[in-house]
Participant: 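Below is the structure I would like to discuss, written out as structure tokens.
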Amino acid sequence: MTQQHQLLLRRDPPAAVVETGRAMEFELLRRLETFDVPTPTVLWLDDQGSELARPSMVVKRYAGRAHRAILRHADPLDLGIERRELLAREICTTLTDLHNIDTEAAGFRGILHHPGPNPAAYELGHWRSELERCQLEPQPALQAAAEWLRDSLPRPVDRLVVVHGDFRPANLLIREGRVEVLLDWELAHLGDPLDDLGWYTAPLYQKEHFIKGFWEQKDFLELYTARTGIEVDPHALRFWQVMSTFRLAVMALAGVKNFCTRDSDRPAAPARVVINRVLEAVIEAQGARDAT
């Protein structure tokens with residue numbers, strides 16, 4: 001009997017702003033299927049690109065919709081304020097379910113690179129190296145931000161978690177007002193849980209991640225701590241907010257370089273706007289530190 005399945009092919013582009021291996025992503029998602037995390041079901045891997053010219057994998061296709069403004073007043077999915085607030089809480093619990101996984105017991109160290117004793121120091125070193133690799137001209141603003149980050153490193157963490165790396169409403173498929181699946185795992189890594197929190201609470205996207213007057217940053221962090229037992233240190237959170245924006249700026253520069261060197265035919269957005277936001281994040285974080 002013939003069966004039909006809705007599938008999605010994920011194939012590496014000729015050039016990408018982030019170099020990730022399909023084998024790592026495939027194996028991570030395969031193992032996450034056994035946990036209470038809404039991950040896409042992976043079905044087939046062509047890690048070397050021997051079948052489809054470039055590394056590829058096939059995953060199950062889902063019916064849900066993704067929209068970066070699902071929590072905003074525009075309400076593109078027509079949920080209403082009460083259902084948007086419930087969805088916002090579910091988004092938080094989705095992240096806590098991921099961070100509550102025991103990475104040692106689950107064997108994720110065999111899949112994801114171990115960052116060493118201080119994930120913050122490792123991430124900063126990695127993205128500073130990426131900045132040197134992809135900048136086409138000197139970037140003094142980002143170098144200054146990197147120096148601030150170096151001087152603001154948080155303490156090593158007690159436990160490592162699976163960090164999604166790009167956790168935000170835009171990377172969730174929503175079906176009937178509920179989270180159906182969490183997408184875009186190419187930045188996943190072992191690290192500090194506040195890595196994901198810093199990105200989610202960074203000023204750059206706060207209007208998309210919270211609902212003013214109904215679901216704000218303090219509500220998110222209180223629920224996160226209640227479900228994980230992880231206390232959120234304000235100093236560490238400010239570091240990761242700046243670090244997340246710095247990382248985004250470096251990725252923007254990588255996109256510009258790929259286009260300029262003709263490794264990609266996809267026009268890249270100017271990086272200047274994001275670079276300016278890095279400086280704004282540094283100024284805001286330093287101001288908050290000076291006030292304490």
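Atoms considered below: every heavy atom in the structure, side chains included; atoms not considered: hydrogens, waters and symmetry mates. Residue indices begin at 1 and follow the sequence shown. From a predicted model like this one, the values you see are computed outputs, not experimental measurements.
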Participant: Below 4.0 angstrom, N of the basic side chain to O of the carboxylate: do R168 and E208 qualify?
Facilitator: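 No, this pair does not count.
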
Participant: Ignoring hydrogens and geometry, is there a side-chain-to-backbone donor-acceptor pair from D195 to V163 under 3.5 Å?
Facilitator: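 Checking the backbone N and O of V163 against the side chain of D195, no donor-acceptor pair under 3.5 Å is found.
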
Participant: According to the side chain to side chain donor-acceptor pair (under 3.5 Å) rule, which pairs have a member within residues 141-156, sequence neighbours left out?
Facilitator: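 Checked against side chain to side chain donor-acceptor pair (under 3.5 Å) - neighbours excluded - the pairs reaching residues 141-156 are R128-E147, E132-Q143, E147-R150, W148-Q286, S152-R289.
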
Participant: Is atom CG of D36 surrounded by more than 12 heavy atoms (other residues, nucleotides or ligands) closer than 6.0 Å?
Facilitator: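 No, because the 6.0 Å sphere around CG of D36 holds 12 heavy atoms or fewer from other groups.
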
Participant: Is the shortest side-chain heavy-atom distance between E186 and E25 below 4.5 Å?
Facilitator: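 The answer is yes, as the side chains (C-beta and beyond) meet within the 4.5 Å cut-off.
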
Participant: How far does OH of Y62 sit from CG of L183, to the nearest 0.5 angstrom?
Facilitator: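 The OH atom of Y62 sits 9.0 Å away from the CG atom of L183.
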
Participant: How about H209 and F220: are their ring centroids closer than 6.0 Å?
Facilitator: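 No; F220 has its ring centre 6.0 Å or more from that of H209.
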
Participant: Determine the minimum heavy-atom distance between L45 and A23, stating which atoms define it.
Facilitator: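 Taking L45 first and A23 second, the nearest heavy atoms are CD2-CA, 3.9 Å.
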
Participant: Heavy atoms, side chains only, cut-off 4.5 Å: are L187 and W199 in contact?
Facilitator: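 The answer is no, as the side chains (C-beta and beyond) never meet within the 4.5 Å cut-off.
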
Participant: Is a side-chain N or O of H164 found less than 3.5 angstrom from the main chain of D184, in a donor-acceptor match?
Facilitator: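 Flag set: sc H164 to bb D184 pair under 3.5 Å.
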
Participant: Hey, what's the ring geometry for F35 with F108, parallel, tilted or perpendicular (30° and 60° as the breaks)?
Facilitator: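 Tilted: the ring planes of F35 and F108 meet at 30° to 60°.
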
Participant: Under 3.5 Å, is there a donor-acceptor pair between the T201 and Q241 side chains?
Facilitator: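 Note: T201 and Q241 side chains meet the donor-acceptor criterion.
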
Participant: Measure across R54 and S56 and return the closest heavy-atom pair with its distance rounded to 0.1 Å.
Facilitator: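 So the minimum-distance heavy-atom pair works out to O-OG, 2.7 Å.
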
Participant: Within a strict 4.5 Å, meaning less than it, do heavy atoms of the E90 and L87 side chains meet?
Facilitator: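 Yes - at least one pair of side-chain heavy atoms lies under 4.5 Å apart.
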
Participant: Would you find a donor on one side and an acceptor on the other, under 3.5 Å apart, between the side chain of D192 and the backbone of P119?
Facilitator: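 No, because the side chain of D192 does not come within donor-acceptor range (under 3.5 Å) of the backbone of P119.
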
Participant: Of all the heavy-atom pairs spanning L142 and A249, show the shortest one and how long it is.
Facilitator: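 The pair with the smallest heavy-atom distance is CD2-CB, 3.9 Å.
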
Participant: How would you list, by chain and number, every residue that makes a side-chain contact (heavy atoms from CB on, under 4.5 Å) with R227, sequence neighbours excluded?
Facilitator: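 For R227 the side-chain contact (heavy atoms from CB on, under 4.5 Å) partners, ignoring immediate neighbours, are T93, T96, D97, L223.
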
Participant: Side chain of D47, backbone of M57: donor and acceptor closer than 3.5 Å?
Facilitator: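 Looks like no, no N/O pair under 3.5 Å.
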
Participant: Mind checking whether L43 and V59 have side chains closer than 4.5 Å, heavy atoms only?
Facilitator: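 A side-chain contact is absent here, since even the closest heavy-atom pair is not under 4.5 Å.
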
Participant: Any donor and acceptor pair, going by atom type alone, linking the side chain of D196 with main-chain N or O of G165 inside 3.5 Å?
Facilitator: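 Pair found, side chain donor or acceptor close to backbone of G165.
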
Participant: Using every non-hydrogen atom in the two residues, find where L71 and I211 come nearest and quote the distance to one decimal.
Facilitator: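 Taking every non-hydrogen atom into account, O-CG1, 3.6 Å.
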
Participant: Testing the basics here: between A188 and M24, what is the closest heavy-atom pair and its distance to 0.1 Å?
Facilitator: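 Closest pair (atom of A188, atom of M24, distance): O-CE, 4.3 Å.
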
Participant: Closest heavy-atom contact between V250 and E130?
Facilitator: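 Closest approach of V250 to E130: CG1-CB, 3.8 Å.
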
Participant: Apply salt bridge (Lys or Arg N to Asp or Glu O under 4.0 Å) to residues E85 and R89 and explain how you reach the verdict.
Facilitator: CA-CA 6 Å; E85 185 177 354; R89 294 180 64 87; 5.8 Å; no

Participant: Are the ring centres of Y200 and F210 closer than 6.0 Å?
Facilitator: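 Yes: the rings meet the under 6.0 Å criterion.
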
Participant: Any donor-acceptor pair under 3.5 Å linking the side chain of R247 with the backbone of E123?
Facilitator: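 Judged by distance alone, no pair lies under 3.5 Å.
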
